[in-house]
Amino acid sequence: MNEFDISILWADVRGRLSDFRFYHSQCVAEEAKKLAGRYGWDPALAYIAGAAHDIMKEQPREEALAFFEANGVSLTPLEKRCPKLWHAMAGEVYLRRHYPLPEEIYGAVRWHTTGRENMTLPEKILFVADFVSADRDYPGVEDMRVRAQQSLASAMEEGLRFTIEDLAKDCRPIHPDTLAAYNQVLIDEKERINV
Ligand code: DGI
Ligand code: FE
Ligand code: FE
């Protein structure tokens, strides 16, 4: 990819997010860049994905619904009930419309919240970067950071389990893609042990 002017994207992100979420986006961009260097994705692309990943996080709900309607995105009944999932879907559509970027960036943004079955390396890198970025301070983040250095699979497994447990405790629905991502990580690990 040549001559993508990231300052335009940063200004857009800045204009759409609160200070706190803008800082989070900066931290995820840095983290994604580091993980990309470690695990073999282009660090410059990872940085862009991190910068952009939450660009729609503060979009008002009514606007998000109108945006989906206008762009032919249909939500499942579960997705309609879970507005926290919308920013990843809206983010992908928004980026496709406004920024010519490599496909893998759109995919990484699209799947950064739920994950999915058979995730690509860029998708895994952004997913893990979002969990371990410098601004994160939840209990267990240090363990997640150690895991992220050991293997993406180990961090994904723990992150997905953490999300699923948290959602279940709060009686919130678990998206099938979240469950598929978790099951896939366990299946992949089993296969690695068996070979
Ligand atoms: O946008 P961030 O806050 O940086 O992080 P994120 O995109 O991973 O979003 C986290 C939120 O998404 C958190 O409140 C839990 C929610 N979430 C993730 N997976 C699922 C989910 N919510 C539901 N209901 N079901 C899921 O499978
Ligand atoms: Fe997010
Ligand atoms: Fe995030």
Side-chain angles (χ1 to χ4, degrees), residues 9-10 12-14 16-36 46-61 63-65 67-68 73 75-95 105-117 119 122-141 144-145 147-148 152 155-186:
L9 174 63
W10 272 131
D12 194 1
V13 172
R14 176 62 284 200
R16 288 172 181 279
L17 299 180
S18 56
D19 291 353
F20 160 76
R21 287 226 168 79
F22 180 65
Y23 176 61
H24 167 68
S25 304
Q26 291 177 308
C27 294
V28 174
E30 289 296 340
E31 188 61 44
K33 183 165 90 177
K34 279 190 232 162
L35 290 174
Y47 187 81
I48 296 169
H53 83 287
D54 276 340
I55 192 164
M56 288 291 114
K57 182 87 179 181
E58 294 176 12
Q59 185 182 40
R61 288 184 188 186
E63 215 180 275
L65 291 172
F67 187 70
F68 290 139
V73 177
L75 303 180
T76 65
L78 187 154
E79 286 160 354
K80 282 189 191 132
R81 274 201 49 193
C82 301
K84 288 202 168 139
L85 302 178
W86 298 355
H87 71 289
M89 307 167 89
E92 183 211 3
V93 176
Y94 178 82
L95 294 171
I105 296 184
Y106 302 137
V109 172
R110 171 62 184 85
W111 303 108
H112 87 267
T113 301
T114 55
R116 66 162 167 170
E117 198 175 3
M119 289 170 78
E123 290 165 15
K124 290 177 184 171
I125 285 174
L126 184 58
F127 188 90
V128 171
D130 200 14
F131 264 96
V132 302
S133 57
D135 58 303
R136 296 295 198 196
D137 63 354
Y138 55 87
V141 70
M144 279 293 289
R145 290 193 174 117
R147 285 171 178 267
L152 288 173
M156 299 267 312
E157 182 190 332
E158 192 59 22
L160 285 160
R161 185 162 42 239
F162 178 87
T163 300
I164 290 167
E165 281 178 352
D166 232 42
L167 291 166
K169 268 189 219 132
D170 282 355
C171 307
R172 285 153 70 200
I174 297 163
H175 195 285
D177 291 329
T178 306
L179 291 172
Y182 180 64
N183 291 338
Q184 184 73 55
V185 174
L186 294 185

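Remember, it's 1-based here, ligands and their atoms both numbered in the order they're listed. For the numbers below, each heavy atom of this structure counts, side chains included, while hydrogens, waters and symmetry mates do not.
- Glu63 CD to Leu65 CG: the interatomic distance, rounded to the nearest 0.5 Å, is 10.5 Å.
- For atom 4 (O) of ligand 1, the choice among Arg136, Glu79, Met56 with the nearest heavy atom turns out to be Arg136.
- The shortest side-chain heavy-atom distance between Leu75 and Leu85 does not fall under the 4.5 Å cut-off.
- Ion pairing between a basic and an acidic side chain is recognised when a charged N comes within 4.0 Å of a carboxylate O; Asp54 and Arg16 show no such pairing.
- Scanning all protein heavy atoms for the shortest distance to atom 27 (O) of ligand 1 gives Thr178 OG1, 2.7 Å.
- Counting only heavy atoms of the protein, atom 21 (C) of ligand 1 lies nearest to Leu85 CD2, 3.5 Å.
- The closest side-chain heavy-atom distance from Lys57 to Leu17 is below 4.5 Å.
- Short contacts between ligand 1 and His112, defined as distances under 4.0 Å to a heavy atom of the residue, involve ligand atoms 7 (O).
- Ion pairing between a basic and an acidic side chain is recognised when a charged N comes within 4.0 Å of a carboxylate O; Arg14 and Asp19 show such pairing.
- Looking at His175 next to ligand 1, an N or O pair under 3.5 Å apart turns up.
- The environment of Arg161 atom CZ is dense: over 12 non-hydrogen atoms of other residues, nucleotides or ligands sit within 6.0 angstrom.
- The line from CZ of Arg145 to OG of Ser133 is 7.0 Å long, rounded to the nearest 0.5 Å.
- Listed by number with element, the atoms of ligand 1 under 4.0 angstrom from any heavy atom of His87 are 1 (O), 7 (O).
- Within the listing of ligand 1, atoms 14 (O) sit less than 4.0 angstrom from a heavy atom of Lys84.
- Below the 2.8 Å limit, the Fe ion (ligand 3) has as protein N, O or S neighbours His24 NE2, His53 NE2, Asp54 OD2, Asp130 OD1.
- Using a 30° and 60° split on the angle between ring planes, Tyr47 and Trp10 fall in the perpendicular class, above 60°.
- Looking only at heavy atoms of the protein, atom 7 (O) of ligand 1 is closest to Thr113 OG1, 2.7 Å.
- When atom types are taken as modelled, the side chain of Arg116 and the backbone of Asp177 share no donor-acceptor pair closer than 3.5 angstrom.
- Heavy atoms of Pro173 come nearer than 4.0 angstrom to ligand 1 in at least one pair.
- Between the CZ atom in Arg21 and the NE2 atom in His87 there is a gap of 8.0 Å [rounded to 0.5 Å].
- For ligand 1, the polar-atom distance check finds no N/O of Thr114 at less than 3.5 Å from any of the ligand's N/O atoms.
- Between Thr163 and ligand 1, no pair of N/O atoms sits closer than 3.5 Å.
- Scanning Asp130, Asp54, Ile164 for the heavy atom closest to atom 5 (O) of ligand 1 points to Asp130.
- Rounding to the nearest 0.5 Å places CZ of Phe131 at 6.5 Å from CG of Leu160.
- Between Phe68 and Trp86, the ring planes are perpendicular. Angles over 60° get that label, and only those under 30° would be called parallel.
- Within the listing of ligand 1, atoms 14 (O), 15 (C) sit less than 4.0 angstrom from a heavy atom of Arg172.
- Residue contacts with ligand 1 for Asp177 are absent, since no atom lies close enough (heavy atoms, distance under 4.0 Å).
- Asp12 and Tyr94 share a donor-acceptor pair across their side chains, judged by distance under 3.5 Å alone.
- Nearest-residue assignment for atom 20 (C) of ligand 1 (options Asp135, Val109, Leu179, Leu167; heavy-atom criterion): Leu167.
- The ligand atoms of ligand 1 that sit less than 4.0 angstrom from a heavy atom of Lys57 are 1 (O), 2 (P), 3 (O), 9 (O).
- Numbered from 1 in the order shown, with element, the atoms of ligand 1 that lie under 4.0 Å from a heavy atom of His24 read 4 (O).
- Not a single heavy atom of Arg21 sits under 4.0 Å from any atom of ligand 1.
- Distance check, rounded to the nearest 0.5 Å: CE of Met156 to CD1 of Ile125 gives 11.0 Å.
- Using a 4.5 Å heavy-atom threshold, the side chains of Thr163 and Tyr182 count as separate.
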